[in-house]
Visitor: 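Below is the structure I would like to discuss, written out as structure tokens.
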Amino acid sequence: MKNKTTVQKAFIYIPFFLVLTLIPLLTFAHKYTNRLDTYAWYSTNDVNYDFFLYWKAIFLMITGILALCLFLYFICKNKTYNPFAKHTFFFVPLFIYLVFALISACLAMEKIFSFFGGAEQFEGFFVLLTYVVMTWYAVYFVQAEKDIEVIYHFLMVGTGLLAAIGAFQFLGLDFYQSKLGQGLITLLEPTLWGKSLKFNFESGRSYASLYNPNYIGSYVALLLPVVVFGAGVLKKLWEKTIMGVIAVFLLLSLIGSESMTGYLALFLTLILFAIILIPKMKNHKKQAIFLAAGLLLACCALVIVKHDVVKYGIDKMVNFQRNDYSVKKIVNSDKGLEVTTDNGAFYIQFESSGKQVNFALKDAEGKKLEARTSGKSSDIIVDKRFYGFVITVNEYSVGNKQLVGFTLGKDGRAWNFIPANNKYYYYNVFNRVDRIVDVKGIGFENTQHFGSRRGYIWSRTLPLLGNSFFWGCGPDNFILTFPNNDYVGLANNNYTGQIVTKPHNMYLQMAVQTGVISLIAFLVFYIIYFVRSVKLYYRVKAYGMWEKTGMGILLGTFGYMITGLANDSTVTVAPIFWTLLGIGVAVNEKIIKAVDK
């Protein structure tokens, strides 16, 4: 009977092992068709390679199925056990979140994306479902101290390896650039066997197996508190030592990632920790002083070691580059191609017949603008209101045809146009013709460079919320909803030739893709957990295994929520967040029962 129980427990631990240990480390090449070639703002070549996301998503969906099957098996086996009898207030918002995510997926433009994931995200509905399943799973299967110990050991292996990879990348030793690393990456993709891979990160930049250095910030903010408190929970010296080394590796990874969001999240997490500890400081003044001094020294050391990065990060948020563009809007009008600048609008009227080309430049009142000819095919406007704009006649290849058009240039930025049917069309960097649209924005009018140009992305994302209150565009359909045909805005913010695939804000990502109601449901779920946790740990007098574990998860998930202000949800980090959240709920329940006795 004992052996049978042990086997059952081993099966229960498998989903935790997959999410906390194995999946974050998966880094395998995968060649796929992204299905974007039908859109004029994208290249005709729709073949891509993914290295960090696809296989994580596949294993996550498998994990979700496994966890759900185990969950249902034990419910059926224990017919007297009602899993919905407790934590009802947690289930309701999560259920609402899932319902609206499902509705959004069903109504999405690209249903393959919405259910199974799309280019550069692979976070479709079935992955979102796995997140919620793992939260429920953790709530109901984390019941004993042995469960906590096993979970810490899973984190010890998974977080330890990932943090080591990131730390050594910071030190200039990138495992993924080694022969062994490249062999493992290409193991499942024969088309890359024997080829050398080079990721777009400079030497000394940490990205580990998380796809983007920014996600190191989210990962460290989430797991560093858990690891630190885990060192206090685990009893053996070798366990404490390993946890301490992992904490150092996580900090080195964060420094190497240059993620200011991660720094900010850890700083605010420390403030929250201090607030919760206020009642205990009266009886532990010396410990409080030593802790404060240690944290102050750590902050000073960080500023000294990476002062350039800290300054750069502060500048991104405070002293960011102001808008410096000459063109504010380009649209079709009855007067020709209307170009709006800070000094008003002017109009371009262009006609071509064979090799004969005629064009006129006029202001809003219809007066001809003074211009001078430069070379054989360019005119430079010398009118002081629009001085320096250059119009150059060019030929563009469209299919098997050569069409005559022109380029409008100013201050190193340029837009190509082809006239047809009394209208003008963009000719983009992908050698494709696209219609001109007037893209609206909300906010950030003079601050589009805020937060590494997040100001621009957010200004174009906020208008999308008007159509996303009840349901959104669908998981992983943001790339199709965001105005990637905003050629003026993209060029002004140095995004020419780039495709915006995500909003760089987890909350906007949810609101646009699965609906504002789903976002509210998610926030209600987390706020209930957060408020209950803060109240609980504020009044707890003694800290044992459950209390330390719960405190670590509270601080970690809080830090993750902070990084969500500038980072997106991603299959590289989000599964760990949702799983830890479920563990946190289960731990709180244990503590509440003990306190109420």
Side-chain angles (χ1 to χ4, degrees), residues 39-43 320-350 359 361-364 369 379-381 383 385-392 394 396 405-420 423-464 478-501 503-504:
Y39 298 92
W41 41 261
Y42 193 79
S43 169
F320 48 85
Q321 178 185 342
R322 302 294 167 172
N323 296 351
D324 62 346
Y325 45 79
S326 303
V327 177
K328 300 180 72 174
K329 183 172 68 174
I330 297 177
V331 294
N332 279 298
S333 75
D334 295 337
K335 299 179 182 179
L337 185 68
E338 180 181 331
V339 181
T340 302
T341 73
D342 285 329
N343 295 320
F346 68 89
Y347 300 84
I348 303 173
Q349 296 172 349
F350 183 91
F359 62 87
L361 304 171
K362 297 181 180 181
D363 63 14
L369 296 178
D379 275 23
I380 302 175
I381 299 177
D383 184 292
R385 294 170 295 174
F386 313 110
Y387 185 84
F389 277 96
V390 181
I391 296 90
T392 305
N394 282 312
Y396 303 108
F406 64 93
T407 299
L408 172 68
K410 180 74 161 62
D411 299 332
R413 300 183 178 98
W415 297 268
N416 303 316
F417 300 94
I418 294 175
K423 288 185 177 181
Y424 296 89
Y425 295 84
Y426 284 114
Y427 183 78
N428 61 33
V429 295
F430 301 114
N431 300 328
R432 303 184 75 173
V433 176
D434 199 1
R435 63 192 181 92
I436 296 174
V437 294
D438 183 13
V439 178
K440 304 296 183 182
I442 295 178
F444 301 94
E445 291 183 4
N446 297 310
T447 56
Q448 293 191 355
H449 287 274
F450 170 79
S452 295
R453 300 172 292 175
R454 282 174 173 80
Y456 164 70
I457 295 176
W458 295 345
S459 74
R460 299 303 190 265
T461 301
L462 289 172
L464 304 179
F478 179 85
I479 188 175
L480 308 178
T481 306
F482 185 86
N484 275 302
N485 56 353
D486 177 23
Y487 296 104
V488 172
L490 291 168
N492 284 336
N493 291 278
N494 302 319
Y495 277 118
T496 298
Q498 299 181 52
I499 304 300
V500 177
T501 62
H504 294 279

Visitor: Taking the side chain as every heavy atom from C-beta outward, state whether R413 and N492 have any pair of such atoms under 4.5 Å apart.
Guide: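 With C-beta onward as the side chain, the pair touches.
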Visitor: Between Y325 and V488, is any pair of side-chain heavy atoms under 4.5 Å apart?
Guide: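 SC-SC contact between Y325 and V488 ruled out.
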Visitor: For D486, what residues pass the salt bridge (charged side-chain N to carboxylate O under 4.0 Å, His left out) criterion, not counting sequence neighbours?
Guide: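 Partners of D486 by the salt bridge (charged side-chain N to carboxylate O under 4.0 Å, His left out) criterion, ordered by chain and then number, come out as R460.
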Visitor: Residues two or more places apart in sequence or in another chain: which of them pass side-chain contact (heavy atoms from CB on, under 4.5 Å) with F430?
Guide: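 For F430 the side-chain contact (heavy atoms from CB on, under 4.5 Å) partners, ignoring immediate neighbours, are S43, N428, R432, I499.
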Visitor: If you compare all heavy atoms of G344 against all heavy atoms of F386, which two are closest, and at what distance to 0.1 Å?
Guide: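 Heavy atoms of G344 and F386 come nearest at O-CE2, 3.6 Å.
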Visitor: Which value, rounded to the nearest 0.5 Å, describes the distance between N416 atom CG and L408 atom CG?
Guide: 9.5 Å
Visitor: Would you give the length of the straight line joining atom NZ of K362 to atom CD of E338, rounded to the nearest 0.5 angstrom?
Guide: 14.5 Å
Visitor: Does the side-chain contact (heavy atoms from CB on, under 4.5 Å) test come out yes or no for N485 and Y39, once each step is laid out?
Guide: CA-CA 10 Å; N485 56 353; Y39 298 92; over 6 Å; no
Visitor: Taking all non-hydrogen atoms of both residues, which atom of P419 and which atom of G405 are closest, and how far apart?
Guide: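 For P419 versus G405, the nearest heavy atoms are CD-CA, 4.1 Å.
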Visitor: I need the T501 OG1 to L480 CG distance, nearest 0.5 Å.
Guide: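 The OG1 atom of T501 sits 11.0 Å away from the CG atom of L480.
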Visitor: Using the rule side-chain hydrogen bond (donor to acceptor under 3.5 Å, both in side chains), only one of D342, T341, D363 pairs with R385; which is it?
Guide: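 Testing R385 for a side-chain hydrogen bond (donor to acceptor under 3.5 Å, both in side chains) against D342, T341, D363 leaves exactly one candidate, D363.
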Visitor: Would you name the heavy atoms of S333 and Y347 that are closest together and state the gap between them?
Guide: OG-CE2, 3.4 Å
Visitor: Report yes if the side chains of V500 and F478 come closer than 4.5 Å at any heavy-atom pair, otherwise no.
Guide: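 Yes - at least one pair of side-chain heavy atoms lies under 4.5 Å apart.
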Visitor: Are any of the side-chain heavy atoms of T461 and F482 separated by less than 4.5 Å?
Guide: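 Counting from C-beta outward, T461 and F482 do come under 4.5 Å.
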Visitor: Working to the nearest 0.5 Å, report the span between CZ of F346 and CG of D383.
Guide: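 Reported value, rounded in 0.5 Å steps: 10.0 Å.
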Visitor: Does the side chain of F406 come within less than 4.5 Å of I348's, by heavy atoms?
Guide: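 Side chain of I348 against side chain of F406, heavy atoms only: contact under 4.5 Å found.
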Visitor: How long is the gap from OH on Y387 to CG on L369, to the nearest 0.5 Å?
Guide: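 The CG atom of L369 is 14.0 Å from OH of Y387, to the nearest 0.5 Å.
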Visitor: Looking only at heavy atoms, which two atoms of V433 and A40 are closest? And how far apart?
Guide: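 So the two residues come closest at O-CB, 3.7 Å.
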Visitor: Which heavy atom of G443 sits nearest a heavy atom of S459, and at what distance?
Guide: O-CB, 3.4 Å
Visitor: Which distance, rounded to the nearest 0.5 Å, do you find between the CZ of R453 and the CG of N493?
Guide: 7.0 Å
Visitor: Within a 6.0 Å radius of atom NZ on K410, are there more than 12 heavy atoms belonging to other residues, nucleotides or ligands?
Guide: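 Check passes, neighbour count above 12.
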Visitor: Does the side-chain contact (heavy atoms from CB on, under 4.5 Å) test come out yes or no for L361 and F389, once each step is laid out?
Guide: CA-CA 11 Å; L361 304 171; F389 277 96; over 6 Å; no
Visitor: So, for F417 and Y426, is the gap between ring centers shorter than 6.0 Å?
Guide: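 Aromatic pair counts; centres sit under 6.0 Å.
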Visitor: Just wondering, do Y456 and L490 contact through their side chains at under 4.5 Å, heavy atoms?
Guide: yes
Visitor: Do Y495 and I457 pass the side-chain contact (heavy atoms from CB on, under 4.5 Å) test, and can you show the C-alpha distance, the side-chain angles, and the key distance before you say yes or no?
Guide: CA-CA 10 Å; Y495 277 118; I457 295 176; 3.4 Å; yes
Visitor: Kindly say whether N494 contributes a backbone atom to a donor-acceptor pair with the side chain of Q498 at under 3.5 angstrom?
Guide: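 Flag set: sc Q498 to bb N494 pair under 3.5 Å.
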Visitor: Would you name the heavy atoms of F444 and Q448 that are closest together and state the gap between them?
Guide: O-CG, 3.0 Å
Visitor: Short question: side chain of N484, backbone of I479 - any donor-acceptor pair under 3.5 Å?
Guide: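 Flag set: sc N484 to bb I479 pair under 3.5 Å.
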Visitor: Taking the side chain from K335 and the backbone from A364, do they hold a donor-acceptor pair closer than 3.5 Å?
Guide: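 At least one qualifying donor-acceptor pair exists.
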Visitor: In a check of side chain to side chain contact (heavy atoms under 4.5 Å, CB included) between Y424 and each of I418, L337, V331, which one passes?
Guide: L337
Visitor: Got a sec, which residues hit side-chain contact (heavy atoms from CB on, under 4.5 Å) with N394, two or more places apart in sequence or on another chain?
Guide: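 Listed in chain order: T392, Y396, T407.
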